Amino acid sequence: MSRYFTKDHEWIDVEGDIGTVGITDYAQSQLGDITFVELPAAGQAVKKGDSASVVDSVKAASDVYAPVSGSVTEANGALEEEPELVNSDAEVGGWLFRVKLDDSGELSGLMDRAAYDAYVAEL
Amino acid sequence: MNAHNPSGWRPAMGEGSDAECDLVTHSGDRALMVEEPLIFELGGGDKCGVDFDGPEEPPLASLEPFLRKEAPVLPGLTEPETVRHYTRLSRQNYAIDLGPFPLGSCTMKHNPRLNEKVARLPGFADVHPLQPQDTVRGALEVIEQLADWLVRLTGMNAVAMSPKAGAHGELCGLLCIRAALEARGDAREVVLVPESAHGTNPATAAFAGYGVESIPATPDGRVDLAALEARLGPDVAGVMITNPNTCGLFERDMKAIADAVHSAGGFVYCDGANFNAIVGKVRPGDLGVDAMHINLHKTFSTPHGGGGPGSGPVVLSEALTPYAPLPFVARGPDGAVRLVEEEDGAAELPGSFGRMTAFHGQMGMFTRALAYILSHGVDGLCRVAEDAVLNANYVLRSLEDLLDAPYGASGPCMHEALFSDAGLAEGFSTLDIAKGLIDEGFHPMTVYFPLVVHGAMLVEPTETESKAGLDRFIGSLRDIAERARSGDESLKAAPVFAPRRRLDETRAARKPVLVWKEQEG
Amino acid sequence: MRYLPLTDADRAEMLAVIGEDSIDALFRDVPEEARLSGPIAGLPSHAGEMAVERHMTALAAKNLSAGSVPFFLGAGAYRHHIPASVDHLIQRGEFLTAYTPYQPEIAQGTLQVLFEFQTQVARLFGTDIANASMYDGSTACWEAIAMACRVTKRDRAVLSGGLHPHYVATARMMARFAGNTLDTRSPSLEAAPDNAEIIAALDGETACVVVQYPDVLGRIPDLPAIAEAAHEAGALLVAVVTEPVALGLLEAPGNLGADIVVGEGQSLGVGLNFGGPYLGLFGCREKFVRQMPGRLCGETVDADGKRGFVLTLSTREQHIRREKATSNICTNSGLCALAFSIHMTLLGGEGLARLARLNHSRAQRVVRRLSDIPGVSVLNQAYFNEVTVVLPGDAREAVRELASREVLAGVSLGRLYPGEPDLSRGLLVTATETVTDEDIEALAAGLAEVLEGVPA
């Protein structure tokens, strides 16, 4: 399994042709207390770079962009009751949705952990 | 510190020892500081505070299939209980009647009571919107007289009176623009909005069916004319510009902006929320504006009422007048004022984009605004703008040594002074300043707006604050600024003297509780 | 000037602090050519309180106020008796001169009122939740259609012919720009509302059906049947209530299957005001909460654990989500919501039911009396406090004739539906608790005279 990062602070774990998407720990710390997560429906097609989900805090609503194109296979239902999982466990239990990749070639433009950490350090 | 209260009078609280202040009363209340349960919790809510004439019990057979199974479960109280409940609640509120309310962009000025009195005259308050026109000539006359003032004060061609509030007025203006473009077969897709705009601007543009793109600002806080010109093109329907803008600055290039937009075939919408700064001094019509809403609840002092009602008439240029909404009030050749609804509108204003609301607008606000305008007259309105601008500049210059004023160096401000949280001690923010003001007995300024300035604080004193009142406000704000700069941790706890401490907004938003339910009680 | 506290001495001192020598210098960013050199010509100067009051009183005197004559108008605005304490309480400065409660620590008065108001509206409507108010019934109705389209991800709405024509016109205008399709129809002078017709108009693309209850002709639609058909088609039922007092007697729409209930709250506490300000009411199912328009007040706790209230879910709103907001609404109708809430508290559930029965009883008397007039018939089988009276000729003429006799008889359908001759004989007549037996006699006698051609 490999993990990739975007400049918009999403992460994606890829296993076979299924990717699991979430926002990074850095992103959740910037957003503050998450109050609600608007999740995509299973079967929904998403395009790389388009908004696939929205994460609300008290004073902001932030789009989460799909790191890759594909179709959504599953959303993290636990967030409906416990949106705070995105704060407490952003990069594991606070995942947002899973997507079946259209083209694994899209991953080549993303960062690895070291590159992302260096990117965040510059912000 | 004690210089802030030179009269020496102070409330008789906190004079004793801390132990006395921590006294727990049986009721939980503290003299005039009283708590009030919800009406659902008061107890005895099975009464009625209204006596009816006659015990009429009509036969209900014809309504049988539609009848309620049981009366709605709503608590009822007698008049003394009701008066007490709401009076006690009212004391949990800050209000302009209690002190300065310097919310930037909101223009919280004194609300004259004459206006309340005239709005309640039965000839205005007890008149039905669909009465025959011959029975409402005076009401139509009020609308026409106010409309005439608004047109003359703005140097525009006409005014649409029906919009219900500022955002509704924005929608009216954009729909006029869209109708005008459609009439010439010109489908444009984009409206340009500066980054510093009120949130209603992009929301309105989207509701009018447009895509929204933002225009960058120059380092001195104004619209970047060159960037705007570069973006203009055949797809741009128009721009929405606030002038004076939300940084409290006059858009010096307004005329050049308007000329550029017009020559690219677009229209200029002006957000008139800040008209108070220039009323009687500058006419937007002279600056090339095509449409501008006027918040009667700001510039013309109709009360905000804890969140409305507002009223947002929209003045229009000659180019947009043919597309104004129905109904409207017009003076005929015989001098009589009449209401033009759909029936005659089809012939008299065939381009109208349609109806925005039932009936003819916020009459109750029109009477108040007209009384306000007549009281001030054209000379008094100029004085309003001048004193509003003077008060804001006085606040700006009295605080800029302690609070960062991002555009302070670029000259005078208009009717509001903008500060930021730069220079506060680590961990201290705009929010702490705002909550500190609450403890000092003032309503905070607008915070975190405009979005273009980090930790923004926008102070709009308005013209109805006295110099002595401003000095007290400035004294308190200076003291708080010093505490925030030096890292006084006690400020993080503010407010401590308000009816409530800081409220948990995260909890409210995660599991919304929007109605009272029995089991909680 | 009585509203401006600065003295010339203050101004001079303040200019010295600012470091400018004149107020005009503060306006130097305004380009020279845009600055007016003096007062705008042709406009009067300031006036004293007495002079302004005299001017406004003279204008008010040119209007025939509803309380001064027999009065039977309705059609979306109703004259009810407002207890004196309502107007007293809303004039308390702490309510009247407060702003939208952005600083909750010092706005608990307004916020608690809004929480109580939301609960009262939800209970009245039979919905799970309600918002903190909107501009008026017509704009709330459009917001409900827009919300139904968001919820169902469809963009067609079916509007009953019984929906107030101004509400239809408002929705039609908005739909044209928002890209929604509205299936609209005019009412016909039939005793039964158009239940079957709107059910037949449902299809797989329909986001919602919009039904007024009671409808504009005073008829009562079959909400359960419409709700069932709508839900079967995957659509929502939007019920519109323009006369909330009716819900003291009629079952709440939310209890009959309506998914969104909107209304005009003017009847309680607000007064006629020649059409505004009024009060939009908006309730719906809890599961739609994040799609709702308008301000919402919610319960929470403060740093000491004490219960308190805040404006919440503001990420739906324009100041956060900007072009993606659920509505562009900012100001609502706070003070009118307060008036509504106070009036509702004075009535209570039982009082509202009594008030409703009293209204219905007055209307029954009007129906009996007018039905006796030769050539006059009443359309409705079932009604609350408003009926459609069918005259032998043009109702607009009759209304004008009666107005010249100082009887405000009702709203002619010709005024509401110009260009629809089939409706021109219809007259909407409303009788609330404010109507006396003498008023009804004056109406009946006047109408009989007018129809016989007796000159005033």
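Every chain is numbered from 1 and lettered A, B, ... according to where its sequence line falls, protein lines coming before strand lines. None of these values were measured; they are calculated from a predicted model.
Proximity to chain C (any heavy atom under 4.5 Å) is shown, for N391(B), by both the backbone and the side chain. For a residue to count as touching a neighbouring chain, one of its non-hydrogen atoms must lie under 4.5 Å from one of that chain's; by this rule E116(B) touches chain C with the side chain only. Proximity to chain C is limited to the side chain of M414(B), based on heavy atoms less than 4.5 angstrom apart. When heavy atoms are compared at a cutoff of 4.5 Å, F101(B) approaches chain C solely by way of its side chain, counted from C-beta outward. Heavy atoms of P122(B) lying under 4.5 Å from chain C belong to its backbone as well as its side chain. Proximity to chain C involves both the backbone and the side chain of L130(B), based on heavy atoms less than 4.5 angstrom apart. Of the atoms belonging to I23(C), it is side-chain heavy atoms, and not backbone ones, that fall under 4.5 Å from chain B. With a 4.5 angstrom heavy-atom cutoff, M108(B) touches chain C only via side-chain atoms.
A perpendicular orientation is assigned to the rings of H164(C) and F359(B), their planes being inclined by more than 60° (bins at 30° and 60°).
Salt bridge R91(B)/E94(C): absent, no basic N to carboxylate O contact under 4.0 Å. Taking 4.0 Å as the cut-off between side-chain N and carboxylate O, K69(B) and E251(C) count as a salt-bridged pair. One finds a salt bridge joining D387(B) and R11(C) here, because a Lys/Arg side-chain nitrogen approaches an Asp/Glu carboxylate oxygen to under 4.0 Å.
Between the side chains of T357(B) and T139(C), not a single donor N or O lies within less than 3.5 Å of an accepting N or O. A side-chain N or O of T204(B) and one of N328(C) form a donor-acceptor pair less than 3.5 Å apart. For the 3.5 Å distance criterion, the side chains of R355(B) and H166(C) qualify, holding a donor opposite an acceptor.
To the nearest 0.5 angstrom, D286(B) atom CG is 6.5 Å from L36(C) atom CG.
Exactly one of E105(C), Q108(C), Q112(C) qualifies for a side-chain contact (heavy atoms from CB on, under 4.5 Å) with Q92(B). That residue is Q108(C).
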